[in-house]
2 protein chains.
Amino acid sequence: MSRQLTEIQKKILEHLIDQIKGKGIPPTLAEVARHFGYKNRATVQQHLSAIEKKGYIRKSSKLSRGIELTLEDKFFVPRPVLGEVAAGSPLIIYPDAIDTIDLPTIVRMPKDSFLLRVKGDSLKDAYIFSGDIVIINPNLEPRNGQIVVAILDDAVVVKRFFKKKSQIELISENPEYKPMIIDKRHPSFKLVGIVVGVYRSMEKRRVG
Amino acid sequence: MSRQLTEIQKKILEHLIDQIKGKGIPPTLAEVARHFGYKNRATVQQHLSAIEKKGYIRKSSKLSRGIELTLEDKFFVPRPVLGEVAAGSPLIIYPDAIDTIDLPTIVRMPKDSFLLRVKGDSLKDAYIFSGDIVIINPNLEPRNGQIVVAILDDAVVVKRFFKKKSQIELISENPEYKPMIIDKRHPSFKLVGIVVGVYRSMEKRRVG
DNA sequence: ATTATTACCATACAAATGTATGGTATTTAG
DNA sequence: CTAAATACCATACATTTGTATGGTAATAAT
């Protein structure tokens, strides 16, 4: 039995993963049909059977939204790491082939946030170490005191954010570095996002 | 309008959170009824209306499994912290009134794991600091090299685990502490669980 | 030429689901 | 005492959902 998915089956599977991993709940047949513009649930039904026969999903029969992914190996979900941060260096975003780490099922991303891997010891004063994964939310307004990732003159800064009248102060955890004070409309200042958390896997991983 | 939940409503809400955050998908009325031993969906239906009226959930009407939590302020979910670990001290498990932290939606617990807050600097050699949250999975067989939380002679140890023939070696990250070697059937040895991850919130929290 | 696979459609149906309504018993508040 | 809120039960019903069956058209395989 071939495990090879057809183009359409692949698209449907991707949509299932998107919904289950991203939105949190598996779609119904009708919802998938609507998403792909099918006039009929039966079409989806048949595609799902095909995908199931090829081993990519499992269906808890008769239960609504009973689609399970068989990909994930119970405790770890592959999540893309979009790039690397190292204070002082340019922000590296992997262009296409994204690196992935296995995040415990534990760690689920809200729709709009993403992961960056920390490189180097430049953040150790914030107790963030090389190899740690920082969770970045790009859609939140930074509040005073939050740690943000920003790009200033093509280099990454990871500092605590303080907004004053027309200026922004970026303060390092390490008191030896003095605060950076920049104008709100500084042309080369770009806020990447807010560091909402740090995650470190305790698994020993084959590190390149 | 009182936002105060009754005991039963609280239990149902907790079950909803457990299912949604832990299992990933919201339950149906029938499933909740079954879980609580109700003979009738309508009972659950009425409790959900009450809980919704008090503002804790939202229901996408007519949709199956359409229960959404409104608690989480979009990005944070309250999760119980079961206790505190500080290597060398007894394991403190908060008896009843559990402490809670706001975990980003990001951080979802697998069904059987729990959180402990690290106290003191005893784990700093493993780059785990006071205030960090460790994610413990009690249901995994420890593999060699994993960091485990265990209780030995009434004190907590947090060390790397290595199983030899009939002995267990517990090795500290800090090489100054020499390995503990104990018999597999040591009477006062109890494995609490495996540290599967560390999470640190970057929010400044009002710390007691 | 025939068969199998893929990709759709339509229709039908039982079971599951959310919702509505009415009822009873107990507790709480005025 | 009365009214309101709480915690259950039963029944009813329109939709939704998963599933089954049959059909059409296009393509690929034998």
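Minimum atom distance to the side chain of B:Lys59 is reached by C:dT19, of the listed C:dT19, D:dT19, D:dC9. Side chain of A:Lys39, nearest nucleotide from C:dC9, D:dA10, D:dT17: C:dC9. Picking from C:dT19, C:dT6, D:dT17 the nucleotide with the shortest atom distance to the side chain of B:Arg41 gives C:dT19. Listed nucleotides: D:dT19, D:dT17, D:dC9. Nearest to the side chain of A:Gln45: D:dT19. Closest to the side chain of A:Thr6, from the set C:dA10, C:dA7, D:dT17, is C:dA7. Nearest to the side-chain atoms of A:Thr28 among the listed nucleotides D:dA7, D:dG18, C:dT21 stands D:dG18. Considering only side-chain atoms of B:Ala42, the nucleotide from C:dA20, C:dC9, D:dT17 that sits closest is C:dA20.
Between the C1' atom of D:dG18 and the CD1 atom of A:Ile67 lies a distance of 10 Å, rounded to the nearest Å. For the pair B:Leu29 CG and D:dT17 P, the computed distance is 14 Å after rounding to whole Å. Computed from coordinates, the B:Tyr38 OH to D:dC9 C1' distance equals 12 Å when rounded to whole Å. The interatomic distance linking B:Ile8 (CD1) with D:dA5 (P) rounds to 17 Å, in whole Å. Following rounding to the nearest Å, A:Arg65 (CZ) and D:dT19 (C1') show an atom-to-atom distance of 17 Å. One can place CG of B:Leu48 at 15 Å from C1' of C:dA20, the figure rounded to the nearest angstrom. One atom, CD of A:Glu31, and another, P of D:dT15, lie 18 Å apart when rounded to the nearest Å. Rounding to whole angstrom units, CG of residue B:Asn40 and P of D:dT11 are separated by 9 Å.
Considering only side-chain N and O atoms, B:Ser64 lies nowhere under 4.0 angstrom from the phosphate OP1 or OP2 of D:dT16. Contact annotation: B:Gln46 does not reach the phosphate of C:dT21 (side-chain N/O to OP1 or OP2, under 4.0 Å). At the phosphate of C:dA7, OP1 or OP2 sits under 4.0 Å from a side-chain N or O atom of A:His47. Taking 4.0 angstrom as the limit, B:Lys11 places none of its side-chain polar atoms (N or O) nearer than this to OP1 or OP2 of D:dA7.
At a threshold of 4.5 Å between non-hydrogen side-chain atoms, the residues B:Phe161 and B:Leu170 count as touching. Contact annotation: the side chain of A:Lys54 never approaches that of A:Leu13 to less than 4.5 Å [non-hydrogen atoms, C-beta and beyond].
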Show the numbers, then the answer: is there a side-chain contact (heavy atoms from CB on, under 4.5 Å) between B:His47 and B:Tyr38?
-> CA-CA 12 Å; B:His47 281 133; B:Tyr38 295 136; 3.7 Å; yes
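At least one donor-acceptor pair closer than 3.5 Å links the side chain of A:Arg65 to the backbone N or O of A:Pro26.
Nearer the 5' end of DNA chain D, as judged by each residue's closest nucleotide, is the contact made by B:Gly37, out of B:Leu63 and B:Gly37.
With sequence neighbours left out, the ring-ring contact (aromatic ring centres under 6.0 Å, His included) criterion links B:His35 to B:His15.
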